[in-house]
Amino acid sequence: MKIAFVGKGGSGKTTLSSLFIRHLVANEVPVLAVDADINQHLGAALGLDETEAAGLPAMGAHLRLIKEYLRGTNPRIPSAETMIKTTPPGEGSRLLRVVEDNPIYEACARPVQLDDGGIRLMATGPFTEADLGVACYHSKVGAVELCLNHLVDGPDEYLVVDMTAGSDSFASGMFTRFDMTFLVAEPTLKGVSVYRQYKEYARDFGVALQVVGNKVQGMEDIDFLREEIGDDLLVTVGHSNWVRSREKGRPARFELLEAENRMALQSLQNAADDSYRHRDWERYTRQMVHFHLKNAESWGNAKTGADLAAQVDPGFVLGEGLGAAVQPA
């Protein structure tokens with residue numbers, strides 16, 4: 001299952017995504033986590049110290065390796081230079097699975113040990129001063145989008161992505177790459193406006209969107225969110241002494257998280273698991289191709305000097321039944 005956490009800056013999306021990851025691990029679910037936010041805080045939220053978090057390899061720095069591996073022997077992609085972030089897989093492409101070993105994970109993923117087990121964590125890499133004026137953050141998350149385009153995941157394994165804050169998630173087709181998107185919203189007019197913006201963007205693409213009300217302080221906040229959001233409001237989360245202690249550098253074991261918050265996290269997992277029955281690989285592939293052709297026409301062809309529409313394999317549909325088309329060298 002591919003899960004995204006989105007929301008405005010300061011809404012608590014990184015905290016909730018880290019709690020959800022811990023919850024999945026406690027339930028013995030394999031997890032691959034990705035920090036795709038411009039501010040890289042997921043590692044710290046999962047318990048890494050500053051040095052460990054700063055030492056996470058940047059996916060953007062390994063973009064060539066990612067492209068070379070994923071293109072495999074696909075005859076429609078003659079070189080890594082002709083691949084862009086939206087390039088879809090086809091016959092001969094290498095595909096990724098959540099639970100496997102491959103050169104991309106070896107270069108970009110690092111193990112993180114939690115109370116109840118371990119995960120793999122990848123990060124896009126921070127937006128540095130060297131990038132200012134010469135790059136946009138979308139170039140950083142391009143590596144994540146390529147990996148999502150080539151991922152064949154099953155119902156009993158999770159990819160969890162902490163997305164960049166605000167509406168930047170909609171600057172490419174990456175927002176359609178998930179089985180479920182959890183939008184973290186505070187009980188404020190601003191929090192509700194962000195939800196409505198996401199809802200409008202997602203409407204035409206069948207994006208499954210559920211809202212997690214965060215930082216609620218009582219029934220007045222809950223009633224406000226219910227009135228403004230309606231059926232899309234999945235669950236609400238209030239103050240957590242467990243989270244506050246961790247933020248003070250006094251971590252307790254995850255089993256001591258408040259019972260009401262554990263129940264809220266289980267509601268998230270139930271909603272994510274339920275979304276599996278709506279999975280449509282043909283639509284997924286069709287949307288992938290749609291955004292690739294759109295990006296090719298608007299900037300990709302000019303940048304690469306190639307007709308990127310020719311990369312589309314008309315007979316190829318991504319799906320769980322597919323194995324890696326070619327084996328690693």
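All of these numbers come straight from a predicted model, not from anything done at the bench.
Two residues are said to be in side-chain contact when any heavy atoms from C-beta on lie closer than 4.5 Å; Pro251 and Asp115 fail this criterion. Side-chain atoms of Leu159 and Ile3, non-hydrogen and from C-beta on, never get closer than 4.5 Å to each other. Contact annotation: the side chain of Val317 never approaches that of Leu322 to less than 4.5 Å [non-hydrogen atoms, C-beta and beyond]. In this structure, the side chains of Met59 and Leu63 stay at 4.5 Å or more apart for every pair of heavy atoms. The shortest side-chain heavy-atom distance between Arg177 and Met288 falls under the 4.5 Å cut-off. By the 4.5 Å heavy-atom criterion applied to side chains, Phe182 and Val6 are not counted as neighbours. Side-chain contact between Arg196 and Val192: present, with at least one pair of heavy atoms (C-beta onward) separated by less than 4.5 Å. With a 4.5 Å cut-off on side-chain heavy atoms, Arg120 and Val31 do not count as touching.
Under 3.5 Å, the side chains of Asn74 and Ser93 contain a donor-acceptor pair of N or O atoms. Residues Glu145 and Asn149 bring no donor and acceptor atom of their side chains to less than 3.5 Å of each other. No hydrogens or angles considered: a donor-acceptor pair under 3.5 Å links the side chains of Gln40 and Thr124. No hydrogens or angles considered: nothing links the side chains of Asp37 and His41 as a donor-acceptor pair under 3.5 Å.
Shortest non-hydrogen contact noted between Val152 and Gly319 is CG1-O, 3.1 Å. Closest approach of Ile84 and Thr304 over heavy atoms only: CG2-CG2, 4.0 Å. Of all heavy-atom pairs between Phe291 and Asn295, the closest is O-ND2, 2.7 Å. The two atoms that bring Leu225 and Pro187 nearest to each other are CD2-CA, 3.7 Å, heavy atoms only. The minimum heavy-atom distance linking Leu95 with Pro89 is given by the pair CD2-CB, 3.9 Å. Taking all atoms of both residues into account, the shortest heavy-atom contact from Met180 to Ala271 is CE-O, 3.7 Å.
Between Glu297 and Lys294 there is no salt bridge, since no side-chain nitrogen of the basic residue lies less than 4.0 Å from a carboxylate oxygen of the acidic one. Salt bridge annotation for Glu91-Arg76: absent, with no cationic side-chain nitrogen under 4.0 angstrom from a carboxylate oxygen. With salt bridges taken as basic N to acidic carboxylate O contacts below 4.0 Å, none links Arg277 and Asp179. Between Asp116 and Arg22 there is no salt bridge, since no side-chain N of the basic residue sits under 4.0 Å from a carboxylate O of the acidic one. Using a 4.0 Å cut-off between charged nitrogen and carboxylate oxygen, Arg64 and Glu81 count as a salt-bridge pair.
Side chain of Arg97 to backbone of Glu320: a donor-acceptor contact under 3.5 angstrom is found. A donor-acceptor distance shorter than 3.5 angstrom exists from the side chain of Thr285 to the backbone of Leu318, with no hydrogens or angles considered. Side-chain atoms of Arg94 come within 3.5 Å of backbone N or O of Tyr69 as a donor-acceptor pair. Counting only distance, with no hydrogens or angles, the side chain of Lys67 and the backbone of Met83 share a donor-acceptor pair below 3.5 Å. Looking only at distances, a side-chain donor or acceptor of His292 sits under 3.5 Å from a matching main-chain atom of Leu308. Judged by distance alone, with hydrogens and angles left aside, the side-chain atoms of Gln287 form no donor-acceptor pair with the main-chain N or O of Tyr284 at under 3.5 Å. Panel note: side chain Asn214, backbone Val184; no donor-acceptor pair is recorded below 3.5 Å. Using a distance-only test at 3.5 Å, with no hydrogens or angles considered, a donor-acceptor pair links the side chain of Asp153 to the main chain of Met1. A side-chain donor-acceptor contact under 3.5 Å links Gln311 to the backbone of Thr82. For the pair Arg110 (side chain) and Glu106 (backbone), a donor-acceptor distance under 3.5 Å is present.
Residues Phe5 and Leu233 fall into different hydrophobic clusters, defined by Ile, Leu, Val, Met, Phe, Trp and Tyr side chains chained together at heavy-atom separations under 4.5 Å. With hydrophobic clusters built from ILVMFWY side chains whose heavy atoms lie under 4.5 angstrom apart, Ile77 shares a cluster with Ile104. One hydrophobic cluster, built from ILVMFWY side chains closer than 4.5 Å, cannot hold both Val160 and Met174; they sit in different ones. If you chain together hydrophobic residues whose side chains sit under 4.5 Å apart, Leu268 and Leu209 never meet in one group. Ile119 and Leu16 fall within the same hydrophobic cluster, where Ile, Leu, Val, Met, Phe, Trp and Tyr residues are linked whenever their side-chain heavy atoms come under 4.5 Å apart, directly or through other members.
Heavy atoms from other residues, nucleotides or ligands lying under 6.0 Å from CZ of Arg203 number more than 12. Within a 6.0 Å radius of CG in Asp280, more than 12 heavy atoms belonging to other residues, nucleotides or ligands are found. In the displayed structure, Met219 atom CE is contacted under 6.0 Å by more than 12 heavy atoms of other residues, nucleotides or ligands.
At least one cation-pi condition fails for Lys190 and Tyr195: the charged atom is not both under 6.0 angstrom from the six-membered ring centre and inside a 45 degree cone around its axis.
Residue pairs satisfying the ring-ring contact (aromatic ring centres under 6.0 Å, His included) criterion with at least one member in residues 222-243, sequence neighbours excluded, are listed as follows: Trp242-Phe254.
Each of Thr14, Asn39, Thr15 was compared with Asp162 under the side chain to side chain donor-acceptor pair (under 3.5 Å) criterion, and only Thr14 meets it.
Phe175 and Phe205 have their aromatic ring centers within a separation under 6.0 angstrom.
Note on ring orientation: taking the six-membered ring where Trp is involved, the planes of Tyr158 and Phe20 are perpendicular (angle over 60°, cut-offs 30° and 60°).
Asn261 meets the side chain to side chain contact (heavy atoms under 4.5 Å, CB included) test with Val237, Ser240, Leu257, Glu258; sequence neighbours excluded.
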**Study point:** Verdict with supporting geometry, Asp232 and Arg226, salt bridge (Lys or Arg N to Asp or Glu O under 4.0 Å)
**Key:** CA-CA 9 Å; Asp232 284 342; Arg226 284 175 176 163; over 6 Å; no
